[in-house]
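Written out below as structure tokens is the structure these notes cover.
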Amino acid sequence: TGYTFDESTGTLTIYKKEDAEDGYAEVEGYGKSPFYGTTKIHHVVIGDGVKQIGAFVFQNTTGIEDIKIPASCTSIHYRAFEESFLCGDGFEVEEDNTEFLSKDGCLYNKEGTYLYHFVQSDSMTEFTIPENVRYVLSMCFTSVKLDKLTIQGDNLEIADYAIYGGSIKEAEIKEGVRYIGDYSSFDWDGTTLSLPSSLEYIGNQTIFLESEKLTEINVAEEIGRAH
């Protein structure tokens with residue numbers, strides 16, 4: 001693939017080269033993206049014919065407001081936007097795409113059961129994970145700034161590093177959540193936390209549990225296995 005960048009509008013367009021067979025947008029590895037650390041990109045257009053966005057392509061970017069995904073793009077690595085804060089209108093996925101959909105700017109699989117990446121709109125202060133979501137991928141919530149995050153869903157699993165960096169003043173974990181992975185790290189102002197009976201695992205190095213402001217953890221009597 002190749003790309004063009006319009007500095008006057010902050011628009012990055014990634015396109016499939018005419019002589020390319022695969023249409024894969026990839027970089028060599030961690031920290032190797034030509035867009036690493038940039039604050040200049042505000043709009044991303046993935047061109048028709050691009051099939052895959054690999055890991056770290058948009059790593060550690062700030063200021064991306066919207067990303068257009070064509071029907072041809074059916075693979076987006078969960079680390080494509082690693083350490084990046086997305087804000088604004090978020091993802092716009094073509095209706096004919098067989099693998100992804102967007103809802104309120106956030107990126108989901110077509111069935112809406114996997115939450116790939118959260119996007120914080122300019123006016124958003126609270127977010128509730130939709131009830132039909134069963135899995136939240138790593139680096140989904142990165143550097144967010146929320147007053148409240150409600151974690152809910154029947155048999156919901158939160159991957160390692162899914163909630164990483166940023167500030168969440170209050171987090172509510174509802175009944176039905178089964179697994180919260182390792183390294184859930186964010187600043188928060190909560191003084192109490194309740195763990196539901198459905199919870200079987202809460203991960204190692206869960207930094208918010210070490211908050212100096214946290215004074216009380218309420219554990220349900222029938223909780224499965226909390227660590």
Side-chain angles (χ1 to χ4, degrees), residues 9-12 14 39 41-46 50 53 57-159 161-177 180-181 184 186-188:
T9 62
T11 301
L12 173 74
I14 295 179
T39 60
I41 298 174
H42 303 303
H43 315 285
V44 175
V45 178
I46 306 299
V50 176
I53 303 174
V57 171
F58 297 101
Q59 183 185 2
N60 196 29
T61 60
T62 301
I64 294 180
E65 300 172 9
D66 50 76
I67 309 102
K68 294 183 178 180
I69 306 294
S72 62
C73 186
T74 56
S75 177
I76 300 175
H77 198 283
Y78 71 92
R79 301 182 77 176
F81 295 90
E82 179 146 328
E83 302 168 348
S84 294
F85 175 57
L86 307 182
C87 61
D89 293 334
F91 291 90
E92 179 183 333
V93 181
E94 284 192 359
E95 188 174 348
D96 292 340
N97 192 299
T98 60
E99 297 297 326
F100 300 105
L101 63 81
S102 58
K103 181 180 179 182
D104 298 327
C106 300
L107 183 67
Y108 300 82
N109 69 334
K110 194 67 174 180
E111 294 75 22
T113 54
Y114 278 43
L115 176 53
Y116 274 77
H117 210 93
F118 168 76
V119 178
Q120 186 167 357
S121 65
D122 294 336
S123 60
M124 182 182 292
T125 59
E126 298 185 1
F127 182 76
T128 299
I129 295 175
E131 290 185 347
N132 61 315
V133 171
R134 296 293 175 264
Y135 190 77
V136 178
L137 277 76
S138 180
M139 293 293 166
C140 178
F141 295 89
T142 303
S143 301
V144 301
K145 297 178 181 178
L146 291 171
D147 289 342
K148 183 177 181 180
L149 174 64
T150 301
I151 302 172
Q152 66 172 10
D154 185 26
N155 207 35
L156 179 69
E157 181 175 343
I158 307 289
Y161 293 100
I163 309 172
Y164 193 77
S167 172
I168 300 174
K169 293 182 179 180
E170 180 184 357
E172 181 182 2
I173 306 172
K174 289 194 170 184
E175 190 67 38
V177 177
I180 298 178
S184 296
F186 55 89
D187 295 330
W188 82 314

In residues 145-153, what donor-acceptor pairs under 3.5 Å come from side-chain atoms, sequence neighbours left out?
| from | atom 1 | to | atom 2 | distance (Å) |
| --- | --- | --- | --- | --- |
| Lys148 | NZ | Glu172 | OE1 | 3.1 |
| Gln152 | NE2 | Ile129 | O | 2.9 |

Side-chain donor-acceptor contacts of residues 131-139 below 3.5 Å, not counting sequence neighbours, with atom names and distances?
| from | atom 1 | to | atom 2 | distance (Å) |
| --- | --- | --- | --- | --- |
| Asn132 | ND2 | Gly112 | O | 3.1 |
| Arg134 | NE | Asp154 | O | 3.2 |
| Arg134 | NH1 | Glu131 | O | 2.7 |
| Arg134 | NH1 | Asn132 | O | 3.3 |
| Ser138 | OG | Asp160 | O | 3.0 |

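Evaluation of the side-chain contact (heavy atoms from CB on, under 4.5 Å) rule for Val119 yields Leu86, Phe91 as partners, not counting sequence neighbours. Every side-chain contact (heavy atoms from CB on, under 4.5 Å) that Glu111 has, sequence neighbours left out, goes to Asn109, Thr113.
In this structure, Asp89 places its CG atom where only 12 or fewer heavy-atom neighbours from other residues, nucleotides or ligands lie under 6.0 Å away. No more than 12 heavy atoms of other residues, nucleotides or ligands lie within 6.0 Å of OH in Tyr164, so this atom counts as exposed by the packing criterion. Other residues, nucleotides and ligands contribute over 12 non-hydrogen atoms within 6.0 Å of the CZ atom of Phe85.
Taking NE2 from His43 and CG from Leu12, the interatomic distance works out to 11.5 Å, rounded to the nearest 0.5 Å. Expressed to the nearest 0.5 Å, how far CD1 of Ile14 lies from CD1 of Ile53 amounts to 6.5 Å. Residue Cys140 holds its SG atom at 13.0 Å from OH of Tyr114, rounded to the nearest 0.5 Å.
For the pair Phe58 and Ile46, the tightest heavy-atom approach, listed with the atom from each and the gap, is CZ-CD1, 4.5 Å. Summarising the geometry of Ile76 relative to Phe81, their closest heavy-atom pair is CG2-CE1, 4.5 Å, with the distance given to 0.1 Å. What you find for Phe100 and Thr74 is that their closest heavy atoms are CE1-C, 3.5 Å. Considering all non-hydrogen atoms of both residues, His117 and Ser84 come closest at NE2-O, 4.1 Å. The two atoms that bring Pro70 and Val50 nearest to each other are CG-O, 4.4 Å, heavy atoms only. Smallest separation of non-hydrogen atoms from Gly63 and His42: O-ND1, 3.1 Å.
The salt bridge (charged side-chain N to carboxylate O under 4.0 Å, His left out) analysis of residues 95-110, with sequence neighbours excluded, yields no pairs. Listed by first and then second residue, the salt bridge (charged side-chain N to carboxylate O under 4.0 Å, His left out) pairs involving residues 60-76 amount to none (not counting sequence neighbours).
Side-chain atoms of Glu82 and Gln59 include no donor-acceptor pair closer than 3.5 Å.
Counting only distance, with no hydrogens or angles, the side chain of Ser121 and the backbone of Gly88 share no donor-acceptor pair below 3.5 Å.
For the pair Ile163 and Ile168, the minimum side-chain heavy-atom distance is below 4.5 Å.
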